[in-house]
Participant: 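This is the structure I have questions about; it appears just below.
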Amino acid sequence: MERDSSPSDQFHRYKNLIQNGDNPDITKERQGASFNLYNMQCFVYENDHKLQRRQEILEFVESHREFDDPVHPHFLNRDEQIDRATRKCLAMVDNLDAIDVTDYFDEAPLYQLLTIGRELHCLSLHYGMFLPTIQVHTEKSLILGPFQMAASKAILGTFAQTELGHGSNLSKLETTATYDATTKEFVIHTPTMSAGKWWPGGLGKSANYAAVMAQLYTSGESKGPHLFMVQLRDNAHAPLPGVTVGDIGPKLGNNANDNGFLIFDHYRIPRRNMFMKYSKVEADGTYIPPPHAKLGFGAMVLVRLLMIRDQTCQLGAAAVIAIRYSAVRHSAVRQGEINEGEGEVQILDYRTQQYRLLPQLARSFPSSQRMRSRNSTSKYVTKQINNNANMELLPELHALSSGLKAVITWEVAQGIEQLRLSCGGHGYSRASAFPDMYAYAVGGCTYEGENIVMLLQVARFLMMIAKEVRSGNPKLAEIAEYIAKPDAVTARISSWKTCSDEDIIHDFEAVTRKLIFATFDRLTTLERTMKKKEAWNACSIDLCKAARMHVKTYLVKNFLARVRTCEDPASRTVMHTLAKLYAFDLISGGGGHFMKGGFLSEKQFNEVQLGIYEMLAAIRPDSVALADSWAISDLELRSVLGRRDGNVYPALLEWAQQSPLNQN
Ligand SMILES: CCCCCCCC/C=C\CCCCCCCC(=O)SCCNC(=O)CCNC(=O)[C@H](O)C(C)(C)COP(=O)(O)OP(=O)(O)OC[C@H]1O[C@@H](n2cnc3c(N)ncnc32)[C@H](O)[C@@H]1OP(=O)(O)O
Ligand SMILES: Cc1cc2nc3c(=O)[nH]c(=O)nc-3n(C[C@H](O)[C@H](O)[C@H](O)COP(=O)(O)OP(=O)(O)OC[C@H]3O[C@@H](n4cnc5c(N)ncnc54)[C@H](O)[C@@H]3O)c2cc1C
């Protein structure tokens, strides 16, 4: 259809009317900050070296044309999305010298965000699970070959565990690996329809190898799920005979990833292709069990730790977008006036808006920071296991990683949605980045262990501790020491300005302890008349509540402890208020638990509410600077609403221009 004036012409006429330079409101916000931004950024990223590395990696990516996007990824169809992500992946791994590839918690995820964006892609599982599986589960003398092949991409792998019929319940996986001592091979087979592998990332089109979880049978006996290295495609990338493989179709998000299905028909692999670092099958079929039954699940524990950090950064980015937008939103559309006649206000000035934004900002700090020490915990545990077969810390690490994964992915997904809503209509546009962020984050509630299932794992750990405490002979992990402390009758919390960190921790620990023992008592009472598993099921809602509260207490304690390490007084003051806001907001949301039995009085509860309102007002002038303290570049943020310069409206018009519907 011919037009006198194309949308593009109209747009350019309009764009010329818009001034250059940063939005004045956002500049004013930055100028009003009570702390030095650089000092705060160094605190957030632990030191100036990490901050500098962020900048160097950004400059590297920006200066390499192969990372450019000729068409904005939002306007691509699925085939094009996969092509784009694959092209980017290749450019990314061709330039790995730009980063410290062993830094899975900072440099590698940042590099990936800058090059590809928020997507699981064809190599996510290769780097995220296949390589770690080789590292964790291959015998030392054999590791070099497969590891070098995988590291150099001579083979591309995925992690094939979940089946059509079973995902959470690993013990019931149906794929079989039956040892044939005559040929010294395993026969991998899919005996039923529900045994077909379903979901593995990169499997549909990209991977030519997989770490496959299958039920091991040797000498006629079942030995439970074990991992096997399985070649799926030949050198021409065609599926090998006995292997049927394909893509499972579009999903809520992560559509640049070819999640796939996989069916085996009596497919044979050599005996040495079993990952035999911990458990073994000898040539004659003799089975040697691992030193700890759950060592085979080690790669999942590592990825849960990775996810906690990765997901929290998503919430941080979402808070940055919503806060910056709230600072510039007011000039084009009047939302109302607080004092009639005094003109419109920035939406950031509405107390309800602050209540939507600032607790989410607070939530984004503690878990991201603690993950740095979790990283060293996981390294420590892995070292202990490797060197001395010392498994003492494994249950603690499993409980901690499962609990943090479940609580954080849920809070991140909910937080992103809340922040999206806080941006009104523009939050619903993909230009805001919220829809992609939400789709990415909410996947994390399911993969790598469904959240409720993970909480119930934490609850198992807590019930075991409660039993030990009641028996008077507890051997307590560091994270559970508080469970053995004496009962507390009344809460100590008071006004946010006067109550100490110890008061807050005291109350959180006391409430969590009460929840744990109330659940334990209910469980043991039910066990007198029911089978153990029935009693567990009957109690499972309370078990999840206790597990959640245990994790939140852990996060509050760590946030407060981390703030104490901040050397810059001005930054410490603001962060301390943010940490208290985090704690008070949790108390307010969990009021029922805190007020039960009169532990927290109504007067104290009112002080908590009032404290939240006052803290919102206190943090308000620093909110844009606090968002800036995440030191997220526009390239990493990928949001029109969250641009650093605050020039949202011209950028929205420019973004919409790229819609294929405007091309003719
Ligand atoms: C340059 C680029 C760089 C990139 C960097 C990017 C970073 C990006 C991040 C990420 C990218 C990757 C994206 C990933 C995509 C998704 C992948 C997937 O989803 S793979 C599939 C996951 N599948 C699950 O997670 C199944 C969940 N199910 C289970 O884990 C188990 O079945 C479980 C734990 C639910 C139950 O275990 P039981 O089947 O053995 O049964 P029970 O009887 O409950 O456990 C027995 C005992 O073993 C302990 N246990 C269980 N698991 C343990 C473990 N792992 N460690 C220690 N103990 C464990 C238990 O606590 C229990 O202990 P007691 O008896 O109470 O003392
Ligand atoms: C984006 C994405 C990527 C993925 N990538 C991979 C991959 O690369 N490789 C791979 O192997 N898998 C992958 N998965 C699969 C994923 O790991 C599983 O979906 C996940 O572990 C949950 O298992 P399920 O789907 O069987 O859910 P189910 O276990 O069927 O859960 C369904 C419901 O049942 C409940 N439930 C289950 N068990 C219990 C219990 N014991 N007690 C109480 N409630 C219970 C759950 O809480 C949930 O509400 C991926 C999934 C997604 C969404």
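Counting starts at 1 for both ligands and their atoms, following the listed order. Quick caveat: nothing in here was measured; it's all calculated off a predicted structure. Here, residue 1 is the first one in the sequence, and each next residue gets the next number.
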Participant: Can you list the ligand 2 atoms lying under 4.0 Å from a non-hydrogen atom of Leu456?
Facilitator: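 Near Leu456, the atoms of ligand 2 are 42 (N), 43 (C).
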Participant: Could you list the residues that satisfy salt bridge (Lys or Arg N to Asp or Glu O under 4.0 Å) with Glu221, not counting sequence neighbours?
Facilitator: Lys223
Participant: Could you tell me whether some N/O pair between Trp198 and ligand 2 is separated by less than 3.5 angstrom?
Facilitator: no
Participant: Are any of the heavy atoms in Gly201 under 4.0 Å away from ligand 1?
Facilitator: no
Participant: Going by ring pair (Phe, Tyr, Trp, His ring centres under 6.0 Å), name the pairs with one or both residues in residues 114-136, residues two or more places apart or in two chains.
Facilitator: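 Qualifying pairs: His126-Phe130.
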Participant: Which atoms from ligand 2 have a heavy atom of Leu125 less than 4.0 Å away?
Facilitator: 8 (O)
Participant: Check whether any protein heavy atom sits under 4.0 Å from atom 35 (C) of ligand 2.
Facilitator: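 Protein heavy atoms within 4.0 Å of atom 35 (C) of ligand 2 - there are none.
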Participant: Say whether Phe159, considering both its backbone and side-chain N or O atoms, lies within less than 3.5 Å of an N or O atom on ligand 2.
Facilitator: yes
Participant: Strictly under 4.0 Å, does any heavy atom of Gly167 approach an atom of ligand 1?
Facilitator: yes
Participant: Identify the closest protein heavy atom to atom 3 (C) of ligand 1: which residue and atom is it, and at what distance?
Facilitator: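 For atom 3 (C) of ligand 1, the nearest protein heavy atom is Ala108 CB, 3.6 Å.
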Participant: If the cut-off is 4.0 Å to any non-hydrogen atom of Thr446, which atoms of ligand 2 fall inside it?
Facilitator: 19 (O), 20 (C), 21 (O), 22 (C)
Participant: With a cut-off of 4.0 Å, which atoms of ligand 2 are near a heavy atom of Gln161?
Facilitator: 11 (O)
Participant: Pick whichever of Leu306, Leu173, Val301, Leu120 has a heavy atom sitting closest to atom 11 (C) of ligand 1.
Facilitator: Leu120
Participant: From atom 23 (N) of ligand 1, work out which of Gln112, Met129, Lys172, Gln161 has a heavy atom at the shortest distance.
Facilitator: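 Among Gln112, Met129, Lys172, Gln161, the closest heavy atom to atom 23 (N) of ligand 1 comes from Gln161.
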Participant: Hey, does Arg304 come in under 3.5 Å of ligand 1, counting only N/O atoms on both sides?
Facilitator: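 The answer is yes, given that Arg304 and ligand 1 share an N or O pair closer than 3.5 Å.
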Participant: Is Leu96 in polar range of ligand 1, meaning some N or O pair under 3.5 Å apart?
Facilitator: no
Participant: Is there any N or O on Ser124 that sits under 3.5 Å from an N or O of ligand 1?
Facilitator: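 By distance alone, the answer is no.
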Participant: Given that the side chain starts at C-beta and the backbone is N, CA, C, O, which of these parts of Tyr111 lies under 4.0 Å from ligand 1, counting heavy atoms, or is it both or neither?
Facilitator: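 Contact part for Tyr111 vs ligand 1: neither.
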Participant: Evaluate the 4.0 Å heavy atom contact test for atom 30 (O) of ligand 2: does a protein atom fall under the cut-off?
Facilitator: no
Participant: So, 4.0 Å and heavy atoms of Gly201: is ligand 2 close enough to count as a contact?
Facilitator: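 Gly201 counts as a contact of ligand 2 under the 4.0 Å cut-off.
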Participant: Decide whether Thr553 and Thr512 meet the rule of one side-chain donor and one side-chain acceptor closer than 3.5 Å.
Facilitator: yes
Participant: Can you find a protein heavy atom closer to atom 40 (O) of ligand 1 than 4.0 Å?
Facilitator: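 Protein heavy atom within 4.0 Å of atom 40 (O) of ligand 1: present.
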Participant: Looking only at protein heavy atoms, identify the closest one to atom 66 (O) of ligand 1 and say how far it is in Å.
Facilitator: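 Closest protein heavy atom to atom 66 (O) of ligand 1: Arg460 NE, 2.6 Å.
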Participant: Just distances here: any N/O of Thr162 and N/O of ligand 1 closer than 3.5 Å?
Facilitator: no
Participant: Is Lys294 in polar range of ligand 1, meaning some N or O pair under 3.5 Å apart?
Facilitator: yes
Participant: Which is it for Leu170 and ligand 1 at heavy atoms under 4.0 Å: side chain, backbone, both or neither?
Facilitator: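 Both parts.
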Participant: Output yes when the distance from some N or O of ligand 1 to some N or O of Gln457 is under 3.5 Å, and no in every other case.
Facilitator: yes
